[in-house]
Amino acid sequence: MDQAKPASKQQMLHILVTGANSGLGFSICCRLADEFLSSHPESESLTIVFTTRSARKAQDTIRRLEAHLQSTSPSASAAARVHFVSETVDLGDLRSVRALSRKLVHTLPRLDSIVLNAGLGGWSGISWIRAIWDVCTDLLHAVTWPAYKLAPVGVLTDKQTKTEEEPALGAVFCANVFGHYMLAHNVAPLLKRARTNGPGRVVWVSSIEATWKFFDIDDIQGLRTDAPYESSKALTDLLALTSNLPCTAPWAIDSFLQSETELDTHAIHTDAPDVNPLMYVSHPGICATSIVPLILPLTWAMIAIFWTARLLGSPWHPLSTYLGACAPVFLALASQADLEAAEEPYRRAGGGRAKWGSSCGRLGNESAVSTEVDGWGHGGVVGTPVVEADRLRRRKRGAEDLTKENRVQFEELGRQCWKQMEELRLQWDEILDQAEARS
């Protein structure tokens, strides 16, 4: 791995960002650099390890990232404190995920945060009649929680190994959740070595569209639903928001964080793993990206409608991916004291983790704010939201305050998700081990 070495007196943060060649992932890298330089002392430096799917995309991305850094922080000292390192991975190919994991474990001293951003929409088109009707009759809801995107059912990844029989693996599920899940498990020893900002962090990038109505525990991969993207993001929320609960500990702590690569790191790192990493979940709000391909006139129409939604009072339309990167960058870069202070009102009221979203006012003033989640409310607090801003923020139509019964159901769903995900991980690790042994 080619990597510039900072002065020995500097403390180095290492942050991994997946899917960084365009859109939100690229903006997360830009914003990480900008906010690090403005908020961290000169005694600290930052290495952003970003992933793309090809060497060509990696070269183009690093060129644009360096150009961004030069335009926003042209001083030589800034360039000396921020370093970009490219890696390639295909999250839909578990062999590729395993290869990247091994390389990182053997070349990096630690990881302070990983931002699991890369993903696949999986949509085939839009139901234009319904889209036009919904936008004309219920604009704010229609462009925040759309019900008109179309997706095929049961799309699988390419075969992972050369064995004739292999378990089905959903393409959207693998790209959005399982590939990242395997990656985070494999690099857990590096996250346990985080020092500068507190415990290492796993920052999932979810969606405001995630809701448990799209999720079926008996179809955890979303192979039988026509909303596989929304199903995968609901699963992401369930995993992250229940990751620190006692009911999930046998799988989330005692299994998922105990990586087989631990022994490899003992051989090349002198400092021992310390504290278990923490898991958070974010979303970028609604950004004008190409995740749903549109011809140019429709793209401009989409942007105009999003602007209208913001002017009408929607808090969830940053439009630009740079503004949308606010929440994931906050979770990846803020001090642990700041994160704990942000979650303190929810913990004090008997809650736990919050889902942090990139919110934006009419004038473009962005902030990371708690997002209401079906079955979890704001930060898992039963009843009326305890933070005034959460009570005043425009809600999803039909949303109701969290009940004790729904929270119990959410926690049980999270427990089952962690159990199934760990069983699936162990199954696939064995399959990949056997494939490697035969090759």
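Taken to the nearest 0.5 Å, the CG atom of Leu278 stands 5.5 Å off from the CD atom of Gln336. Taking CG from Asp216 and CG from Leu223, the interatomic distance works out to 11.0 Å, rounded to the nearest 0.5 Å. Atoms CG and CD, on Leu65 and Gln70 in that order, are 13.5 Å from each other to the nearest 0.5 Å.
Look at Arg56 and Asp60 and you find no salt bridge, because none of the NZ, NE, NH1 or NH2 atoms lies under 4.0 Å from a carboxylate O. Glu372 and Arg394 are not joined by a salt bridge, as no carboxylate oxygen comes within less than 4.0 angstrom of a charged side-chain nitrogen. A salt bridge links Glu411 with Arg407: the distance from a Lys NZ or Arg NE/NH1/NH2 to an Asp or Glu carboxylate oxygen falls below 4.0 Å. By the 4.0 Å N-to-carboxylate-O rule, Lys396 lies too far from Glu209 to be salt-bridged with it. Salt bridge annotation for Glu230-Lys233: absent, with no cationic side-chain nitrogen under 4.0 angstrom from a carboxylate oxygen.
Counted within 6.0 Å of CG on Leu311, heavy atoms from surrounding residues, nucleotides or ligands total more than 12; the atom is thus considered enclosed. Glu400 CD: 12 or fewer foreign heavy atoms inside a 6.0 Å radius. Within a 6.0 Å radius of NZ in Lys213, no more than 12 heavy atoms belonging to other residues, nucleotides or ligands are found.
Side-chain atoms of His68 and Ser71 include no donor-acceptor pair closer than 3.5 Å. Checking His83 against Ser45 by side-chain atom types alone, no donor-acceptor pair falls below 3.5 Å. Defined by atom type and a distance below 3.5 Å, a donor-acceptor pair is present between the side-chain atoms of Thr211 and Asp374. One side chain, Asn186 or Ser101, offers a donor N or O that lies under 3.5 Å from an acceptor on the other. Under 3.5 Å, the side chains of Ser358 and His283 contain no donor-acceptor pair of N or O atoms. Side-chain atoms of Gln416 and Glu412 form a donor-acceptor pair, as typed in the model, at a separation below 3.5 Å.
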Just do the side-chain contact (heavy atoms from CB on, under 4.5 Å) check on Thr61 and Phe50 with the steps written out, would you?
CA-CA 9 Å; Thr61 302; Phe50 67 88; 3.6 Å; yes
Report the C-alpha separation of Arg395 and Asp390 in whole Å, then their side-chain angles, then the decisive distance to 0.1 Å, and conclude whether the salt bridge (Lys or Arg N to Asp or Glu O under 4.0 Å) test is met.
CA-CA 9 Å; Arg395 305 173 75 182; Asp390 296 340; over 6 Å; no
Starting from the C-alpha separation in whole Å, work towards a yes-or-no answer on salt bridge (Lys or Arg N to Asp or Glu O under 4.0 Å) for Asp138 and Arg397.
CA-CA 10 Å; Asp138 194 3; Arg397 183 167 38 75; 2.5 Å; yes
Under the side chain to side chain donor-acceptor pair (under 3.5 Å) rule, what do Gln258 and Ser255 come out as? Steps first, then yes or no, please.
CA-CA 5 Å; Gln258 309 310 313; Ser255 182; over 6 Å; no
Could you go through the salt bridge (Lys or Arg N to Asp or Glu O under 4.0 Å) check for Glu436 and Arg102 one step at a time?
CA-CA 14 Å; Glu436 288 182 356; Arg102 288 171 173 167; 3.0 Å; yes
Start with the C-alpha gap between Glu344 and Arg347, add the side-chain angles, then the distance that decides, and say whether salt bridge (Lys or Arg N to Asp or Glu O under 4.0 Å) holds.
CA-CA 5 Å; Glu344 173 59 24; Arg347 289 198 304 270; 3.1 Å; yes
If you apply the rule side chain to side chain donor-acceptor pair (under 3.5 Å), what do you find for Glu166 with Thr161, and how did you get there?
CA-CA 8 Å; Glu166 186 179 278; Thr161 67; 2.8 Å; yes
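Under the 3.5 Å distance criterion, the side-chain polar atoms of Ser232 are left unmatched by any main-chain donor or acceptor of Asn176. Looking at Thr321, its side chain never comes within 3.5 Å of a backbone N or O of Gly324 through a donor-acceptor pair. Within the 3.5 Å criterion, the main-chain N or O of Gly379 finds no donor-acceptor partner in the side chain of Arg353. Distance alone, capped at 3.5 Å, is enough to place a donor-acceptor pair between the Thr18 side chain and the Ala118 backbone.
Tested against Val281, the residues Thr236, Val202, Val205 include a single side chain to side chain contact (heavy atoms under 4.5 Å, CB included) partner, Thr236. A side chain to side chain contact (heavy atoms under 4.5 Å, CB included) with Leu13 is found for one member of Ile48, Thr47, Asp112 and no other, namely Asp112. Checking Lys57, Arg98, Arg53 one by one against Asp90, the salt bridge (charged side-chain N to carboxylate O under 4.0 Å, His left out) holds for a single residue, Arg53.
Val373 is linked by a side-chain contact (heavy atoms from CB on, under 4.5 Å) to Asp237, Leu241, Lys355, Trp376, Phe410, counting only residues two or more places apart in sequence or in another chain.
Geometrically, Arg425 does not engage Phe178 in a cation-pi contact defined by less than 6.0 Å to the ring centre and at most 45° from the axis. At least one test fails for Arg130 against the ring of Trp133: distance under 6.0 Å to the centre or angle within 45° of the axis.
Contact check for Ile15 versus Leu111: no side-chain heavy atoms found under the 4.5 Å cut-off.
The aromatic rings of His141 and Trp145 sit tilted relative to each other, their planes meeting at an angle between 30° and 60°. Using cut-offs of 30° and 60° on the angle between ring planes, the pair Phe256 and Trp418 is perpendicular.
For Tyr229 and Phe214, the gap between ring centers reaches or exceeds 6.0 Å. Taking the six-membered ring where the residue is Trp, the centroids of Tyr280 and Trp356 are separated by 6.0 Å or more.
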